[in-house]
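Data first, discussion second: the structure below is written as structure tokens.
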Amino acid sequence: SDTIFYITRRLNLYYLLLFKLCILCIVLGMLSVATIVTLWSIALTDSRVVTAPWDIYRLPDTLKPDHYKLTLWPRLTANEQGLYIFTGKSYVVFQCVKETDLILIHSNKLNYTKWEGGQLAKLTALGNITAPTIKSSWLKETTQYLVMQLNGYLTVGEFYQMDTEFVGELADDLSGFYRSEYEENEVKKVLATSQMHPTYTRKTFPCFDEPAMKAVFHITLLHPRGTVALSNSKQQCYCTFDVSLIIIYQIALPDFYFGAMENWGLVTYRETNLLYDPLISSNSNKEKTATIIAHELAHMWFGNLVTLRWWNEVWLNEGFATYVSYLGADYAEPTWNVKDLIVLKDVHRVFAIDALASSHPLSSKENEIIKPEQISEQFDAISYSKGASVLRMLSDFLTEPVFVQGLSSYLHHFAYSNTVATDLWNHLQLAVDASGMELPSTVNDIMNRWVLQRGFPVITIDTANGHVSQEHFLLDPDSVGTVPPSEFKYVRLWIVPIKWMDAGVVQEEIWLLEKEASNKNLKSDQWVLANINVTGYYRVNYNIKNWERLLVQLSTDHQIIPVINRAQLVDDAFNLARAQLILTTLALNTTKYLSKEREYMPWESAMDNLDYFYLMFDRTGVYEAMQDYVRNLVTPLFLHFKSMTSNWTKVPEGHTDQYNQANAIRVACSTGLEECLNLTKGWYKQWMDNPDINPIHPNLRTAVYCSAIAAGGAVEWDFGWNMLKNATIATETDKLMSALACTKDKKLLNRYLEYTLDSDKIRKQDATSVIVYIANNLKGQTLAWEFVTQNWEYMFTQYGVGSFSFANLISGVTMRFSTNPELDQLYTFKQENSDIGFGSGTMALEQAIERTKANIKWVDKNQKEVWDWFLSETE
């Protein structure tokens, strides 16, 4: 037989298997032995399940790769069948570290040339021994293995070489070794590129595709004359804290699913994330390019030089790179104050997810993350943004010099190897000990509470008596009972560093070590503010008297409170209200002072939170009253920037002022301020009259395009679509792509949705974004949801797993869900597609269900109160 059972040496199991096999052969008679084997991967003995190794997703610990030699030849023209393919041949040299007669190596969607005896590979020994012959070899599709059963055992300590030759499809699915296309001077060009991370290398050549299986690669690329080939090469040297690369290629790709990929020495990017044109790209584009390049370069240390041992701790790579990206961009552009923006872009962003009962810890157990789709799920906001947030907190309470010293020791010690989180804590502890610093506990004990538990605390301070306490913060207080109990001794307790001020005067830092405590210094008859600059990963609540004092300070002289904390007060208040810890009207009161606010961060925080109110109420009578209130609130800001820019003819000098100018126009126009609408429609018409000259400044284009297309009809939409198709810079394409979803014409929105399944119109990498843009539009919400439910099977199974972010898709099209019928639709969607699956969107679907339940309860409880408040504020 080409396929045999993997059996243990235990005689009783052998006889049991033999007996069962005989019975099965009698029943199935006509089936081949190979077919029987595929039906049998589990045998029962002594009431225990024994699973064949090729049915287990993790590689066994029997072999260790040393080096690969790989040759790939991509065909950049289609063959007679209309397919683009690549051919390859490779060998891997590995060492046997435990006796075994089985070789498992990852392989997915590759067709192999057969060797002697019809086997899929050739095995030779490199020492003075003879390699056992291959008894049988086959491909296990489910677990993505090339399996080789041997006639004898490999010898521990010896090195072996496995040779293969194979063919794969150079598909346009954005994963593995894939095809990308673009036009240059109206001529179609084809390029071959790759996305190997996290589990797609096996789609390019057979390999031990796990992060701890590090090896040296010798790569040869065959390509036509006149074309350029780039690959990773031996160009790294390690010295002190630096990883000095002779050269790091930075490549922009027209088709690329992720934002960028940190291949060592050959970093790949989406075009929008690398290419910057000051005549077309906005200030936001410039910052994004700077931070993403910094993120990828940070990976040269955190990810490449030192690599996580397994995917259950993705934050060791992505959290570090995200945090360091702000430091790198700040070093390059110190006047931007970009380090402050981590609060809006990462801390507040991930709070919204980590406050759900269905969140997950930064570090999970290894055996919980084994399948490729489970691995992909780990690349979420928790790993990136929470990882960055807790590292920022750690750096703050250790101080930067101690933090850097610990990191240097960590990187030196584990260079070119793999780590777990405790390795990091141990090296930071060494730095703490060397500095003489006193902490309330060890780094390990402090940080494990933030890393091994899901969620974060809300710290409540009563300034009347100095009492301070902590609780696990959940947006839906009724979900407390659904949170799985902590598997650790902490029982939802954190060791919390608290930096605070009393009436604007910074006080000595305190630590909360228990569930509750008393501190006489926190007793005050003036306003108290905790978590200065939001360096701590937690929310803060106060007694009502302290909230009232803070509101008075905002209304009288808001600049006494640090700008980051003005943003924090708004964000904390709105989320505390959603969790029913304070009144919703108190949260709304934090926005009243904004008519005097000119800084970007508080405005952005307020609009992010008011956007939730729009999502919940834009289908109710509350909407008009809310529009009136926000329009009154933003009008002074709109007029401020009109004056600052000499009637919109100049650009503000400050980095965040440029952001807030765009905010002022976006909000003023979306709330119907007539002067704003006339401005944006006039600019857009000028462009339509002369398409070769765009009069709209790049900073304002996203807001202006959306406003004009929303106010217009098919003519404005068609013009925008034509300009998108003719755009030569990807950043301009992105601006138009989001703006086209702003139309109120449902026919146009349906047409746009259909375009997402035609890669000639919308690139596969952009399909998810377009669908979510449409779902954000009130007129497009239902259309987008129906489109996803009707096309789920096709998108999930046919269009390419590498093409859609299923987590972002599910989250994006359900953000407005707040009724019982919508909850029923979610349950129906889950049930009807359970056989197809949800891949990397599995967790997002559970979060959508939880979020919808919370929304239903919140709307029922707050709608009348909110409506009355907006009416009273606009009378």
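No side-chain donor from either of Tyr178 and Gln195 sits under 3.5 Å from a side-chain acceptor of the other. For the residue pair Asp346 and Ser389, no side-chain donor N or O sits within less than 3.5 Å of a side-chain acceptor on the partner. In the model, Asp255 has no side-chain atom that pairs as donor or acceptor with a side-chain atom of Tyr182 under 3.5 Å. Tyr623 and Gln627 share a side-chain donor-acceptor pair at under 3.5 Å. One side chain, Thr680 or Ser707, offers a donor N or O that lies under 3.5 Å from an acceptor on the other. Side-chain contact check for Asn285 and Ser282: at least one donor-acceptor pair (N or O, by modelled atom type) lies under 3.5 Å. If you check the side chains of Thr731 and Tyr276, you find no donor sitting under 3.5 Å from an acceptor. Ser358 and Glu850 share a side-chain donor-acceptor pair at under 3.5 Å. Under the 3.5 Å distance criterion, with hydrogens and angles disregarded, no donor-acceptor pair is assigned to the side chains of Thr768 and Asn808. Between the side chains of Tyr629 and Thr591, a donor-acceptor pair is found at a separation under 3.5 Å.
Residues Glu271 and Arg763 are not paired through a salt bridge, judged by the lack of any N-O separation under 4.0 Å between the basic side chain and the carboxylate.
Contact of the Glu333 side chain with the Val338 side chain is not registered, since no non-hydrogen atoms from C-beta on lie closer than 4.5 Å. Between Leu344 and Tyr600 there is a side-chain heavy-atom pair separated by less than 4.5 Å. Under the 4.5 Å side-chain criterion, counting only non-hydrogen atoms from C-beta, Phe256 is in contact with Met261. Within the 4.5 Å cutoff, the side chain of Asn694 has heavy atoms near those of the Glu732 side chain. Between Met723 and Tyr705, every side-chain heavy-atom pair lies at or beyond the 4.5 Å cut-off. At a threshold of 4.5 Å between non-hydrogen side-chain atoms, the residues Asn855 and Met616 count as touching. A heavy-atom distance below 4.5 Å is not found between the side chains of Asp758 and Glu754. Looking only at side-chain heavy atoms (C-beta outward), Arg598 and Asn660 stay at 4.5 Å or farther from each other.
Formation of a donor-acceptor pair under 3.5 Å by the Ser383 side chain with backbone atoms of Asp380 is not found in this model. Using a distance-only test at 3.5 Å, with no hydrogens or angles considered, no donor-acceptor pair links the side chain of Asp766 to the main chain of Ile762. Looking only at distances, no side-chain donor or acceptor of Glu181 sits under 3.5 Å from a matching main-chain atom of Val190. Here the side chain of Lys189 pairs no donor or acceptor atom with the backbone of Ser180 at under 3.5 angstrom. Thr645 places a side-chain N or O within 3.5 Å of a backbone atom of Phe641 that can act as its donor or acceptor partner. No donor-acceptor pair under 3.5 Å is formed between the side chain of Ser376 and the backbone N or O of Glu373. The main-chain N or O of Glu296 is never found under 3.5 Å from a side-chain atom of Glu262 such that the two would form a donor-acceptor pair. Checked by atom type and distance alone, the side chain of Trp315 never pairs as donor or acceptor with a backbone atom of Lys386 at under 3.5 Å. Within the 3.5 Å criterion, the main-chain N or O of Phe817 finds no donor-acceptor partner in the side chain of Gln781. A donor-acceptor distance shorter than 3.5 angstrom exists from the side chain of Glu822 to the backbone of Thr819, with no hydrogens or angles considered.
A pairwise comparison of heavy atoms in Ala567 and Ser605 identifies O-OG, 2.8 Å as the closest pair. Nearest heavy-atom pair, Ser738 versus Thr702, reported as atom, atom and distance to 0.1 Å: OG-CG2, 4.1 Å. When all heavy atoms of Ile696 and Arg701 are compared, the pair lying nearest together is O-NE, 2.7 Å.
With rounding to the nearest 0.5 Å, the separation of CG in Leu749 from CZ in Phe787 is 12.0 Å. To the nearest 0.5 Å, the span separating OG on Ser359 from CD1 on Ile353 amounts to 7.5 Å. With rounding to the nearest 0.5 angstrom, the OH atom of Tyr612 is 9.0 Å from the CE atom of Met815. Separating the NE2 atom in His655 from the CG atom in Asn283 is a distance of 5.0 Å, to the nearest 0.5 Å. In this structure, CD in Glu624 is found 10.5 Å from CH2 in Trp867, a value given to the nearest 0.5 Å. Distance CE/Met626 to CG/Leu633: 10.5 Å, rounded to 0.5 Å.
A perpendicular orientation is assigned to the rings of Trp792 and Phe829, their planes being inclined by more than 60° (bins at 30° and 60°). Ring geometry, Trp858 versus Phe613: the interplanar angle exceeds 60°, so the pair is classed perpendicular (tilted spans 30 to 60°).
Under the 6.0 Å cut-off for aromatic ring centres, Phe638 and Trp648 qualify, their centroids lying closer than that. A distance below 6.0 Å separates the ring centres of Phe806 and Phe796.
Within a 6.0 Å sphere centred on NZ of Lys725, heavy atoms belonging to other residues, nucleotides or ligands number more than 12. Within 6.0 Å of NZ on Lys345 lie more than 12 heavy atoms contributed by other residues, nucleotides or ligands. Open room surrounds NZ on Lys830; 12 or fewer heavy atoms of other groups in view lie less than 6.0 Å from it.
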### Task
Using the salt bridge (charged side-chain N to carboxylate O under 4.0 Å, His left out) rule, take Arg631 and Asp628 through it: C-alpha gap first, then chi angles, then the decisive distance, then the call.
CA-CA 5 Å; Arg631 183 170 59 253; Asp628 291 342; 2.5 Å; yes
### Message
Is there a side-chain hydrogen bond (donor to acceptor under 3.5 Å, both in side chains) between Trp785 and Gln825? Walk through the geometry before answering.
### Response
CA-CA 10 Å; Trp785 169 246; Gln825 290 171 30; 2.8 Å; yes
### Task
Test side chain to side chain contact (heavy atoms under 4.5 Å, CB included) on Lys681 and Tyr684 and set out the steps.
CA-CA 5 Å; Lys681 287 188 292 186; Tyr684 196 78; 5.8 Å; no
### Task
Let me see the working for Val859 and Phe617 under side chain to side chain contact (heavy atoms under 4.5 Å, CB included), right down to the final yes or no.
CA-CA 8 Å; Val859 169; Phe617 296 128; 4.1 Å; yes
### Task
Start with the C-alpha gap between Arg349 and Asp608, add the side-chain angles, then the distance that decides, and say whether salt bridge (charged side-chain N to carboxylate O under 4.0 Å, His left out) holds.
CA-CA 10 Å; Arg349 170 192 178 220; Asp608 282 347; over 6 Å; no
### Query
Can you list the steps and then say if Glu318 with His295 is a side-chain hydrogen bond (donor to acceptor under 3.5 Å, both in side chains)?
CA-CA 9 Å; Glu318 300 301 346; His295 181 109; 3.2 Å; yes
Under 3.5 Å donor-acceptor pairs involving side-chain atoms of residues 714-721, not counting sequence neighbours:
from, atom 1, to, atom 2, distance (Å)
Glu716, OE1, Gly713, N, 2.8
Trp717, NE1, Leu740, O, 2.9
Asp718, OD1, Arg751, NH1, 3.3

For residues 664-674, which side-chain N or O atoms pair as donor and acceptor with protein atoms under 3.5 Å away, sequence neighbours left out?
from, atom 1, to, atom 2, distance (Å)
Arg666, NH2, Asn663, OD1, 3.3
Ser670, OG, Arg666, O, 3.1
Ser670, OG, Val667, O, 3.1
Thr671, OG1, Val667, O, 2.8
Thr671, OG1, Ala668, O, 3.1

